[in-house]
Protein chains: 2
Amino acid sequence: MKRTNEGSGEQQLGANLLALRSHNTALVLDLLRTAGTEGISRLELAERTGLTPQAVSKITARLRADGLAAEAGHRASTGGKPRTVLRLVPEAGHAVGVHLDRDETRAVLVDLDGAVVARREAPLDLGAGAEAVLAGVAGLVGALRSEAAGGRPPLGVGVALPGPLDHRRGVLHRVTGFPEWDGFPLRDALADRLGVPVVVDKDTNAAALGLAVGGVGGSFAYLHLGTGLGAGLVIGGSVHRGPRTGAGEFGHQVVQLDGPPCGCGDRGCVEALCLGAVARGETEEAARVLGAGAANLVGLLDIDLVLLGGRTVEAEPEVFVRGVRGVLGARAERTGGVTVPVRLASGGTLGVASGAAQLVLAPVFGRGDA
Amino acid sequence: MKRTNEGSGEQQLGANLLALRSHNTALVLDLLRTAGTEGISRLELAERTGLTPQAVSKITARLRADGLAAEAGHRASTGGKPRTVLRLVPEAGHAVGVHLDRDETRAVLVDLDGAVVARREAPLDLGAGAEAVLAGVAGLVGALRSEAAGGRPPLGVGVALPGPLDHRRGVLHRVTGFPEWDGFPLRDALADRLGVPVVVDKDTNAAALGLAVGGVGGSFAYLHLGTGLGAGLVIGGSVHRGPRTGAGEFGHQVVQLDGPPCGCGDRGCVEALCLGAVARGETEEAARVLGAGAANLVGLLDIDLVLLGGRTVEAEPEVFVRGVRGVLGARAERTGGVTVPVRLASGGTLGVASGAAQLVLAPVFGRGDA
DNA sequence: CCCACTTTCGCAACGCTGTTGCCAAAGTGC
DNA sequence: GCACTTTGGCAACAGCGTTGCGAAAGTGGG
């Protein structure tokens, strides 16, 4: 029961009874969500949370009164009164996720379960200025909003985009090729315009959060290889962003001292080596380089799993998975440790957008940075 | 208010009133400890924790009744009743820290403040077998125990040693050169023998914890360059160990693909390159290599600070600090981000031992993985 | 079919948490 | 010397999870 305040200078906060209730409620909601359509009984909730059955009954009674949970049938009896199955009511709340890609905006409306209810796309031109971009996003959000049950406003809007940014303040930094966006307070500008809470994060973090919420447990790294190379790190179920939202700079990890120059000004970065090999058609070599970077990451953080995604990976998924798996397997053999599995990330083209929506929903389920 | 369970498969635990009290009490104790001899007033505690003054009064009253805190003078008045200053009573509890180095055992007795009250050393021979080593450690602990005020038993014993191990179970893995120690349940064996709780961890983690508790805030990496190269990572005030206590494998990070072979079986590891350069007398090159590894770490985790330690660093501290600082400075210049400071770690030869003692004390102050 | 048994789950009383309202204590400053 | 400010304890309180107990809803043997 400890607040995870990663930022330096942030104070550790005391907890009162309200915080206690939120915590336990979020825990129960998360278990309900994870159980999905199958549902989960009160006693199972009690076992999983460590709370007494009576406490769970009180919490779930509140959730049912609020319309967030409902009874859904019964389990088979084991000799006594059969357990009542509870499940989340997905349509009790919605969130919008927006993915600002290079030249396209993808927006999705998801329910509490994280299922995509509706989607919209529109072209994106960051050079057209803040006003035009904001209007475009607002238009997509408005269109999606009307599709939510009862037309109720969404709980919030999550926005994911590449460049470096400050997740806490929702301010952009150095958007590649568009210096006019430097320091733009995207979160506040959008929140003022839409009248709902807005959360901003890097695309890789959103994708990783989406995967974590989608069922990938423990600690893992999502490596995204597209026109660039970045990573989203999930440690103990929460996205690790670092104090300045700078974590996950995987691509400019140096794996070849004094190697070929990279666009960032350094030499021998994984991104340069990897994309260089891809350009030469040497996909296997690219996979090996990516594997070396992944092995460094595994050693430093002791993660459970590596997930690969991005357009370049999706072009030849087998080669990349096999290549990275090979490097990590050899490493495990040397160290005598466990072999870290490597898999292709699910999610497809909407992975980032639906992950962005989870930026809003995650705090409800106790997975946020509160 | 969320439990940080890094391990996969561990359940998120619900919180009851007892947990609430422990949490807030630990928070207050931590602030008292941080305030040191200067002390801190009730109202300051209330501001820092976010609790109401009355709640702080109740908590501190309990602490005073338990002998853990005491009143210590008054602040100057600002126009009304002057604030009463509270401080931790350091001698209210003690812990023992044991550092099993290659050929020497260093043990310290520290008080609640973390100050070293007494110390003992003895030669260490891991080849002499478990019984002999355990007897040696028990002898040191017994000697230190008699020095504690009133001869009361310590709160526990923290043991730090190099090799890979399982912090959760307190079991050793593959101690270099001594295969007979593989899988030895050091924690339980010692706890049975001493009759007090025992915590086991890697030396680098203990050192990092000691630094974190000693006042280094935020997220930082402690890089230890001695006969090997390892790292202790502190993220948001807590040591990051990973699910298998494998995190911090900094030395076998590859920074030179297909580079010179390393003892681990891989090629181009930082450790091999760095120590190779040191052996050739090229300290500046060693520092540059170390800096490259540190830069990779900074990029991946977005940490606030890099601390250097270990015998090899201490031989030429200026060269290493300057070299690593140079690489990180150049990186900050390229990315436009903040320059991550590089400093020499304080602590000296007892850094690991006193950090090991903090393995026991940290949970009391809410910094543990309890 | 009935009855004993098991299991689930809600109601009521309870202990304990932090919170609120109020007042005594202990200073400053005109 | 008196008005004022600030600190901090006492007492009453709301709300949390817990405990004790009983109703509800099944199974299974006679």
Side-chain angles (χ1 to χ4, degrees), chain A residues 1 3 12-29 31-32 39-66 69-87 366, chain B residues 1 3 12-29 31-32 39-66 69-87 366:
Chain A
M1 214 173 79
R3 256 178 202 264
Q12 297 275 328
L13 286 181
N16 54 19
L17 292 171
L18 217 78
L20 186 75
R21 181 171 72 173
S22 313
H23 173 79
N24 288 339
T25 303
L27 231 55
V28 169
L29 274 173
L31 288 173
L32 284 170
I40 185 170
S41 73
R42 289 178 181 79
L43 287 180
E44 282 177 84
L45 288 170
E47 281 170 30
R48 301 275 294 270
T49 58
L51 296 171
T52 60
Q54 186 58 32
V56 171
S57 276
K58 283 191 179 180
I59 292 167
T60 54
R62 273 202 305 267
L63 290 177
R64 285 192 297 152
D66 294 347
E71 299 196 340
H74 300 270
R75 290 229 192 294
S77 167
T78 61
K81 176 174 176 176
R83 303 184 172 185
T84 310
V85 173
L86 300 172
R87 62 166 185 78
Chain B
M1 217 175 80
R3 257 181 201 265
Q12 299 272 329
L13 287 181
N16 54 20
L17 290 173
L18 217 76
L20 185 76
R21 180 171 71 173
S22 314
H23 173 78
N24 288 339
T25 303
L27 231 54
V28 169
L29 275 174
L31 288 174
L32 284 171
I40 185 170
S41 73
R42 288 179 180 79
L43 287 180
E44 282 177 84
L45 288 170
E47 281 170 29
R48 300 276 295 268
T49 58
L51 297 171
T52 60
Q54 187 59 29
V56 171
S57 277
K58 284 190 179 180
I59 292 167
T60 54
R62 272 202 306 267
L63 291 177
R64 284 192 298 152
D66 293 348
E71 298 195 342
H74 301 270
R75 288 230 193 293
S77 167
T78 60
K81 176 173 177 175
R83 303 184 172 184
T84 311
V85 174
L86 300 172
R87 62 166 184 79

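The chains referred to below are lettered A, B, ... by the order of the sequence lines, with proteins before strands, and numbering in each begins at 1.
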On DNA chain C, which is the earliest and which the latest nucleotide, 5' to 3', with an atom closer than 4.0 Å to a heavy atom of chain A?
-> C:dT6 to C:dT19
Who pairs with A:S41 by side chain to side chain donor-acceptor pair (under 3.5 Å), at least two apart in sequence or on another chain?
-> A:E44
Looking at A:N24, does any N or O in its side chain come under 4.0 Å of the phosphate oxygens OP1/OP2 on D:dG17?
-> yes
When we call it a touch if two heavy atoms are under 4.0 Å apart, what does A:T84 touch: a base, just sugar-phosphate, or nothing?
-> sugar-phosphate
Would you mind classifying the nucleic acid contact of B:L18 as base, sugar-phosphate or nothing, using non-hydrogen atoms under 4.0 angstrom?
-> nothing
Do A:L31 and A:V28 touch side chain to side chain, with heavy atoms closer than 4.5 Å?
-> no
Evaluate the side chain to side chain contact (heavy atoms under 4.5 Å, CB included) criterion for residues A:L20 and B:L17: first the C-alpha distance (whole Å), next the side-chain angles of each, then the deciding distance (0.1 Å), finally the verdict.
-> CA-CA 8 Å; A:L20 186 75; B:L17 290 173; 4.0 Å; yes
Please report the closest heavy-atom contact between B:G39 and B:R87, naming both atoms and the distance.
-> CA-CB, 4.3 Å
Closest approach of B:I40 and B:V85, non-hydrogen atoms and distance?
-> N-CG1, 3.7 Å
Report, as a single string ordered 5' to 3', how protein heavy atoms within less than 4.0 Å touch nucleotides 18-28 of chain D: B base, S sugar-phosphate only, - not at all.
-> BB----BBBS-
Write down the distance between [atom1] ([X]) and [atom2] ([N]), rounded to a whole number of angstrom.
X: B:E47; N: D:dG8; atom1: CD; atom2: P; result: 12 Å
X: A:I59; N: D:dG15; atom1: CD1; atom2: C1'; result: 13 Å
X: A:L45; N: D:dG17; atom1: CG; atom2: C1'; result: 16 Å

By salt bridge (charged side-chain N to carboxylate O under 4.0 Å, His left out), B:R42 pairs with (sequence neighbours left out) B:E71
Using side-chain contact (heavy atoms from CB on, under 4.5 Å) as the criterion, list what pairs up with B:A55, not counting sequence neighbours.
-> B:L51, B:T52
Got a sec, which residues hit side-chain contact (heavy atoms from CB on, under 4.5 Å) with B:A69, two or more places apart in sequence or on another chain?
-> B:L32, B:L63, B:R64
